2 protein chains.
Amino acid sequence: MNEKFFSLDQEKQERIINAALKEFGQKGFQKASTNEIVKEAGISKGLLFHYFNNKKGLYLFLFDYAVDRLVERIFSNENQLMEDVFERFLQITIQKLHLFKKHPDLLDFLMTAMDDETIQYDLKNREMLEQAYQRVFAGIDYSRFKSGIDIEKALKVIFWTFQGFGEEEQENLKQLGIQHYDINRVKTRMEDYIQLLRQLFYE
Amino acid sequence: MNEKFFSLDQEKQERIINAALKEFGQKGFQKASTNEIVKEAGISKGLLFHYFNNKKGLYLFLFDYAVDRLVERIFSNENQLMEDVFERFLQITIQKLHLFKKHPDLLDFLMTAMDDETIQYDLKNREMLEQAYQRVFAGIDYSRFKSGIDIEKALKVIFWTFQGFGEEEQENLKQLGIQHYDINRVKTRMEDYIQLLRQLFYE
DNA sequence: AGTATAATTGACTAAACTGGTCAATGATAT
DNA sequence: ATATCATTGACCAGTTTAGTCAATTATACT
């Protein structure tokens, strides 16, 4: 790729990246259309190929970019994960929403790119991703759970609750639009659910 | 359409229908490719246009078909919905899995077809669908819930749990393949979760 | 103001793919 | 052997594909 891409307006960079994430995320590498990407990004055909010299170059750049953004948001060493399940999932859900706000199609792109056979990457990023996912569930404090509760299943119920909540919030964000959506208020909304979950699961 | 389609081997009918559901579900009406559909279904180009005389004819047929299958599985009058939340959602989840087993892409197709602007249907089917969705949550018995619990939020936690469980089972079904997947054993797996949920929510 | 350099455009290409047709072939039943 | 049916895939004109490149515009420097 052409490093001067990073000298563009940040807003323009993001327009291009988001358009590409969306198209590749929806259709996979082969069937994604560069025409569609430049149309959505509002740039000319030539410019895209000027910065990423061909389709595969763009795809590979995007994969690295997406992994970087995910790790820096959720798994970076600064963001130390809480021991309390609810605090931890609250934290992660908020971070995912921030990520979704900037790059609505990044997570979907990563999911589908992970098992795309048409390309094989440097495996570095792949491994980093898989390690990261394990960290989400490692070192949780279960001591406060009511006795007689199946911890494994309880954890799944909690996980699915946060997942469902997060998807609902993403829907809201899409509907309301980026400017009318206040992420801090999500925190209070989610704390109502956490209160319920604590009531249910904790002694 | 050509009614003789229904005289084909049932297996062949389903191959064609499933291939079309998948393609339309993934790409929408405009961008779906009839070439892709016949390739996936393993039939010739001519045959598809012999039975459904053009692309739009196929799409309209599929929509009616999909609504019929959904209603007959989940919302038909024989399948009276239980008053107990957990019994009801258990029932619905099982029925959805049966549907998914025969037509893995039917529900996704319906979702995307609902807000496809390129075509306007007889609204009969649309209305039927929306009424049906409301029935899922109507007439539930809340009397056994512990006092001091926010019923509205509790219902969402329960819904998200069944949703997460259902999606996980669909993943298993895809992975294991249709022949090694026993739906009756799902019931017992789900009853473990129901036991936990009862323990949590019921007096 | 003038000139050099870099950013950006979009018309253009050959190849692939699009929805749809139809004469030819294969299968089945009488 | 014949008639009726199901099925095929080469073929069509039109669109879309990834990628190129001469030409235009914007920026920077003297």
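First the proteins, then the strands, lettered A, B, ... as listed; each starts at 1. Since the structure is predicted, the reported quantities are computational estimates derived from the model, not experimental observations.
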Does the distance from a Lys or Arg side-chain N to an Asp or Glu carboxylate O, for B:Lys153 and B:Asp150, drop under 4.0 Å? yes
Starting at atom CZ of A:Phe52, determine the distance to atom P of D:dT20, rounded to an integer number of angstrom. 16 Å
Please report, rounded to the nearest Å, how far the C1' atom of D:dT16 is from the NZ atom of A:Lys39. 10 Å
Who are the ring pair (Phe, Tyr, Trp, His ring centres under 6.0 Å) partners of A:Phe49, not counting sequence neighbours? none
Which nucleotide, C:dG19, D:dG19, D:dT7, lies nearest any side-chain atom of A:Asn54? D:dG19
Atom-pair distance (CZ on B:Phe49; P on C:dT18), nearest Å: 11 Å
Let's see if you get this right: which residues in residues 11-27 of chain B place a heavy atom under 4.0 Å from DNA chain C? none
Round to a whole Å and report the spacing from CG of A:Asn2 to P of C:dA6. 11 Å
Provide, to the nearest angstrom, the distance between the NE2 atom belonging to B:His50 and the C1' atom belonging to D:dG9. 16 Å
Would you mind reading off the distance between B:Leu48 atom CG and D:dG9 atom P, rounded to a whole angstrom? 14 Å
Using heavy atoms to find the nearest nucleotide of DNA chain D for B:Lys4 and A:Leu47 separately, return the residue whose nucleotide is more 5′. B:Lys4
Is any side-chain heavy atom of A:Tyr193 less than 4.5 Å from a side-chain heavy atom of A:Leu90? no
Under 3.5 Å donor-acceptor pairs involving side-chain atoms of residues 130-140 of chain B, not counting sequence neighbours:
from, atom 1, to, atom 2, distance (Å)
B:Arg135, NH1, B:Phe75, O, 3.2

In whole Å, what is the span from the CD atom of B:Gln30 to the C1' atom of C:dT18? 12 Å
Closer than 4.0 Å, any side-chain N/O of A:Ser33 to the OP1 or OP2 of D:dA18? yes
B:Asp68 meets the side-chain hydrogen bond (donor to acceptor under 3.5 Å, both in side chains) criterion, sequence neighbours left out, with none
Indicate, with a heavy-atom threshold strictly under 4.0 Å, whether A:Tyr51 touches base, sugar-phosphate, or nothing. sugar-phosphate
Report yes if a donor N or O on one partner sits less than 3.5 Å from an acceptor N or O on the other, where the partners are the side chain of A:Lys45 and the base of D:dA18; otherwise report no. yes
Quick check on C:dG19: is either OP1 or OP2 less than 4.0 Å from any side-chain nitrogen or oxygen of B:Thr34? yes
With A:Arg189 via side-chain hydrogen bond (donor to acceptor under 3.5 Å, both in side chains) - residues at least two apart: A:Glu169
So does A:Asn35 get a side-chain nitrogen or oxygen closer than 4.0 Å to the phosphate oxygens (OP1/OP2) of D:dT17? yes
Could you pull out all residues at least two apart from A:Lys156 that satisfy salt bridge (Lys or Arg N to Asp or Glu O under 4.0 Å)? B:Glu168
Taken to the nearest whole Å, CD1/A:Ile37 to P/D:dT16 is 16 Å
